[in-house]
Amino acid sequence: AAAMFLRLLSDVRWRPAASRWSGAARCPRSTSAASEAPPPAPLPGQARVVVCGGGVVGASVAYHLAKLGWRDVVLLEQGRLAAGTTRFCAGIVSTARHVSIELKMADYSNKLYQQLEQETGVQTGYMKTGSISLAQTQDRLISLKRIASSLNVMGIPCEIITPKQVAQLHPLINIHDLVGAMYVPEDALVSSANVSLALATAASRNGVQIHERTSVSHVLIQKGRVTGVETDRGKIQCQYFVNCAGQWAYELGHSGDEPVSIPLHACEHFYLLTHPLKEPLASSIPTIVDPDGRIYIRNWQGGILSGGFEKNPKPLFTEGRNQLEIQNLQEDWDHFEPLLSSLLRRMPDLEALQIMQLVNCPESFTPDMRCIMGESPTVRGYFVLAGMNSAGISYGGGAGKYLAEWMVNGYPSENVWPLDLKRFGTLQSSRTFLRHRVMEVMPLMCDLKVPRWDFQTGRQLRTSPLYDRLDAQGARWMEKHGFERVKYFVPPGKDLLDLDQSKTFYKPDWFDIVGSEVKCCKEAVCVIDMSSFTKFEISSTGDQALESLQYLFSNDLDVPVGHVVHTGMLNEKGGYENDCSIARLSKRSFFMISPTDQQVHCWAWLKNRLPNDSNLTMEDVTWKYTALNLIGPRAVDVLSELSYAPITPEHFPSLFCKEMSVGYANGIRVMSITHTGEPGFMLYIPIEYALHVYNEVMNMGQKYGIRNAGYYALRSLRIEKFFAFWGQDLDAFTTPMECGREFQVKLDKGMQFVGQEALLEQKQNGVYKRFTMFILEDHDTDMDLWPWWGEPIFRNGRYVGKTTSSAYSYTLERHVCLGFVHHFDEKTGEELVVTTDFINQGEYEIDIAGQRFQAKAKLYPFSSLFTQRRRKDEVELSGYQRE
Amino acid sequence: FYLTPPQVNSILKANEYSFKVPEFDGKNVSSVLGFDSNQLPANAPIEDRRSAATCLQTRGMLLGVFDGHAGCACAQAVSERLFYYIAVSLLPHETLLEIENAVESGRALLPILQWHKHPNDYFSKEASKLYFNSLRTYWQELIDLNSGETTDVKEALINAFKRLDNDISLEAQVGDPNSFLNYLVLRVAFSGATACVAHVDGVDLHVANTGDSRAMLGVQEEDGSWSAVNLSYDHNAQNEREVERVKTEHPKSEEKSLVKQDRLLGLLMPFRAFGDVKFKWSIELQKRVVESGPDQLNDNEYTKFIPPNYHTPPYLTAEPEVIHHKLRPQDKFLVLATDGLWETMHRQDVARIVGEYLTGVHHQQPIAVGGYKVTLGQMHGLLTERRARISSVFEDQNAATHLIRHAVGNNEFGTVDHERLSKMLSLPEELARMYRDDITIIVVQFNSHVIGACQNEE
């Protein structure tokens, strides 16, 4: 294999660009004798930023930091530049991505690489070949059509083509088992090593110091801040450290004074290189992606390069870097056999083609198939960009740009929450968990992405004390941030489809089950276990808690004790960093409820902003309380039977919180909110009482027709009531003004708060996007594709935005989509202010996998859906789920 | 007509049986880990039998395969009775006395054997009293003969074999007032059976063989590869020593007629067997027994037929050849199988297939392309063939089943070919016997740790 490494390297036409390059990097690649190499340039004693990792990701971060004007940047590479995973990367730049932010990163990378050769003079091997993604099944074609819709509205040329057209674009393909394909003509091929070198060259010209053969042994951290790094060649003091160590990022994360948990794990990845065909393939031949066959095939020097994502991946380096495993990274033909069969099925004429090599190149994978970006929640100045899930080249450019923006400007120019390191906690850091999860994730790269699929590995980690009880009653589970949550309850005697068969883009098999749960919520009473919510207690000896929270939250928290306030936790631009409910337990203490996946992010946000005052304490009490949502018109009756405290609306109005006894159990925090707009209560129960309270509620509830319900029912209820959820509908780029929540902002609360200025400006000048509810008009629930999220919205035939969530409303008997409407100038494309009239005076269509459905836009929910009229400012508009 | 893989599996697995020697807290004192056994019929009904039992009054385990001919009666009787004869032969004098006293005074009898039987392996209820009486006579004689010497396993095995065959012969001559039993004992005596029995006690392995079934030891070499060691000699025309033995036992005038067409007297394939009184009794005795016997016997042409050139009986014996082997840590398993297996598979292949199956390791060298010119098509062919070899292993939970799958389904490349397997198994009853014989296999797995420890003690 060593010979092959050299071969690949000889393709790398790399020119030392500037004298800044240190030592070993300057000598010709082919020489291995150390004596010929001039002594390496000395390391600087200090720098602003130290980037660790000289692959495409590290080079891109350094390149963009330099572009943004940061000069004092040092890039360290333990071996040689572009010598790790990057060197063996297949070099396919593909924009066909499901997640919008990934699509944007890939698009940016493509445009960056295209002009890189011109910018740097380094040949990158960039070749615009286009790519064809094949569909062997109708479901796959639907999946491709959804991507095509996204690409088209992004302005990326893309079309769905017939098998015959595939044959015209690529002479070798067997099209007999195809139902269609997606052609993206601007996708490209590059030499990934050369791209990295080009980025490094440009970075170096802009002042980045690059040192090869320098490995970081330790990250120095003082008082929760990065202060420097120790390397095998000495110490560098720095303010920022960027971990771009790829598959070694996990280990490097644990080699600091404080561990930084970076949940990723390496798997072996194989691809095949062949000698040229008799008639060598044209260099412009499109790259083929055959997800049903689990393979990709690209042109490689007149022959082919083909690899894939097998069903039985081989994870490695579970216990860290291991020489034995590195040596064992050999060609494993038996393991590659299914992919080879798939290749020969797709291109039968290749039988006679001669093999050159089977390359084994480990790739790192993350627990949710998305890369890891951002600042550590515990160590300031410690940034991470790693875990590319074998799309390092496609994402490298864009991801490097966003991270550089993040470091320089405080936040990237796009919402990167789906990639944020803080979406994970230490719970995803177990090596066993990661090993098992990446074995599931790697095959998923090729699996069909259908709505509402759940990971199967690493489950039953965090559970409610009621887990077994609910499970025995037919609960079906999904997982959020490691916590098991009920989707719905399968009634006894009823069987659902197998997991595989239940994967559909159409009406799911649980439709009627959830329908009856919704009906029960509407007409009687249901219990939903919502224990996964993040719960913090913030208290102080004096007024510190109130003062700090008033500054950090946009609503007025100086309310009477026992009131619950819905409020955003906004950033300087007025965008939602978190959306929560805060109960004032006493003059000096507050109980804060946030979405499940906010546990790490919200904690870090508050920790970094609360004054360092020993009289002010914040505690994460998530694990201390079980949360039961008692939802429905009869909830008040059930609760009345279980407590002597008066529960009637006069004594217990909406948005109140009382500590009371339920059954024998005392100290239950009861709040008159349900996160759905339905009447009812949230019960926060100390966990040791959970089973008792649940049993009492279920027994007492019998005569009111109580039953269990799950999150799918909850979602249907909240969406038909136009409730936005953080993480799904709301993000750091959305302000309360843009989603009709001005009433949750108290601009005049008598003191300054974060985001106030931005909101004031919006109040004066208007908003540039508006959260809107769409009711699908001509959509047949039984026959048509269901909306999910990310569907393009068209107003009078022009693209205006995308949906963020959707659900079937059993009350309206229609699908409801929520999403944002923008106003793009017809000529310039410039974003204009969105007015109420603009929303109301349009004809809307929602594009589901290329098919457009008429939709009615609404800015306010149907008031008829609310059983109780409330004052407008009391309307409870908050919720925490992200589907 | 085509059998699906699940149908093939259900046929192959119908008779499979596994036994694991119970292990307590890792204190496994047995050198045997357990065994897998299975049978695939070609005759209807099958004429092969198998037995496995643990000796309770002495140490050791008994395992045997029995290949019947001219019906299954003799094989059935031997499979039920032989282990009792062996166990009794091994018992010390005091235990024999204790048992006899218990029977005499009507007290509960000490159990002698613990059987490990597949539900299809039956014992005849009707004959149990008769069989018991014969056995009791045997141990009474042993008590009377008390030599005071410790029992030698080899001798015990030989005595048990000879005694049982003698009893079968006597029971047929004496007859039984019960007409069913009378007919049964005659059928047992006039049919025949070979026997290949292993007795394992610690590191001492004895194999007693009568006929053409075979015992083979699977040995793992230091490099991990597998080799086979024979622990029995076939008693048939291919065994020159055996042919020689038969010839010395009869006058020179019969030399030419003794073995014809590789058969004893031109009729019988195995040169040693239980039953087969047609090759053991004098013509007069045969005639007398047949004539006085039930009508069914008289109607049977075979029983009335006297072998040609039948001058100096007996021509056949049940006396076994016994081989003693001291188990070594590299001896991983023992295969006992009837000739149905050995006709189709070479012992070296048997050793490899079972060895790879039991260790779960397939000593397939990883493929490296290196400097060779290999095309994608060639590589694909090679890989699918290797995959087929592996996947057939995972279908089976039983080493004997796995071996049968290979024996019946192997193609010229030594891999299981489903199409061939399907064809062989879907043959109609009347045709099956032309393409294959009954196959019975027992694979005994040894515990190398225990064997290693025993060796060190000695």
Side-chain angles (χ1 to χ4, degrees), chain A residues 1-4 7 172-174 268 270-278 281 288 293 295 297 300 302-308 310-312 314 325 327-360, chain B residues 4-6 223-226 349 352-397 402 405-406 409-421:
Chain A
M4 190 62 217
R7 258 201 53 80
L172 291 173
I173 292 192
N174 164 26
E268 292 180 43
F270 295 90
Y271 64 79
L272 172 77
L273 294 174
T274 72
H275 289 278
L277 275 82
K278 276 218 181 74
L281 280 175
I288 301 297
I295 50 165
I297 309 156
W300 189 73
I304 60 141
L305 181 164
S306 172
E310 62 273 24
K311 281 184 182 161
N312 53 336
K314 294 165 78 176
E325 282 185 289
Q327 282 159 14
N328 281 339
L329 278 179
Q330 288 165 352
E331 45 190 334
D332 184 343
W333 280 99
D334 291 304
H335 191 71
F336 193 70
E337 186 270 328
L339 300 179
L340 179 59
S341 301
S342 181
L343 170 65
L344 289 176
R345 190 166 81 126
R346 186 55 53 222
M347 296 189 183
D349 293 346
L350 297 186
E351 286 238 344
L353 193 56
Q354 235 180 65
I355 295 166
M356 180 172 274
Q357 204 202 352
L358 185 66
V359 181
N360 181 353
Chain B
T4 62
D223 64 359
S225 66
W226 296 93
D349 293 329
R352 181 182 56 78
I353 288 167
V354 176
E356 288 179 354
Y357 173 84
L358 291 178
T359 49
V361 178
H362 304 278
H363 285 274
Q364 305 203 90
Q365 286 298 311
I367 306 179
V369 175
Y372 303 106
K373 290 185 173 177
V374 187
T375 69
L376 291 179
Q378 289 166 336
M379 178 60 86
H380 185 232
L382 183 62
L383 293 175
T384 20
E385 191 251 332
R386 283 158 70 96
R387 173 160 298 265
R389 207 181 300 167
I390 291 173
S391 64
S392 71
V393 169
F394 292 118
E395 274 180 289
D396 298 318
Q397 279 87 51
H402 186 61
R405 188 186 297 277
H406 275 274
N410 262 8
N411 58 18
E412 55 270 41
F413 306 115
T415 53
V416 174
D417 174 353
H418 177 76
E419 208 173 316
R420 185 183 154 86
L421 194 56

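Protein chains get the first letters and strands the later ones, always in sequence-line order, with residue 1 at the start of each.
Atom NE2 of A/H275 sits about 11.5 Å away from atom OG1 of B/T375, to the nearest 0.5 Å. Atoms CZ and NE2, from A/F336 and B/H380 in turn, are 11.0 Å apart once rounded to the nearest 0.5 Å. Interatomic distance, B/L376 CG to A/D349 CG, rounded to the nearest 0.5 Å: 11.5 Å. The CD atom of A/E351 sits 9.5 Å away from the CD atom of B/Q378 when rounded to the nearest 0.5 Å.
Looking at A/I355, both its backbone and its side chain come within 4.5 Å of chain B, counting heavy atoms on both sides. With a threshold of 4.5 angstrom between heavy atoms, A/L358 does not approach chain B through any atom at all.
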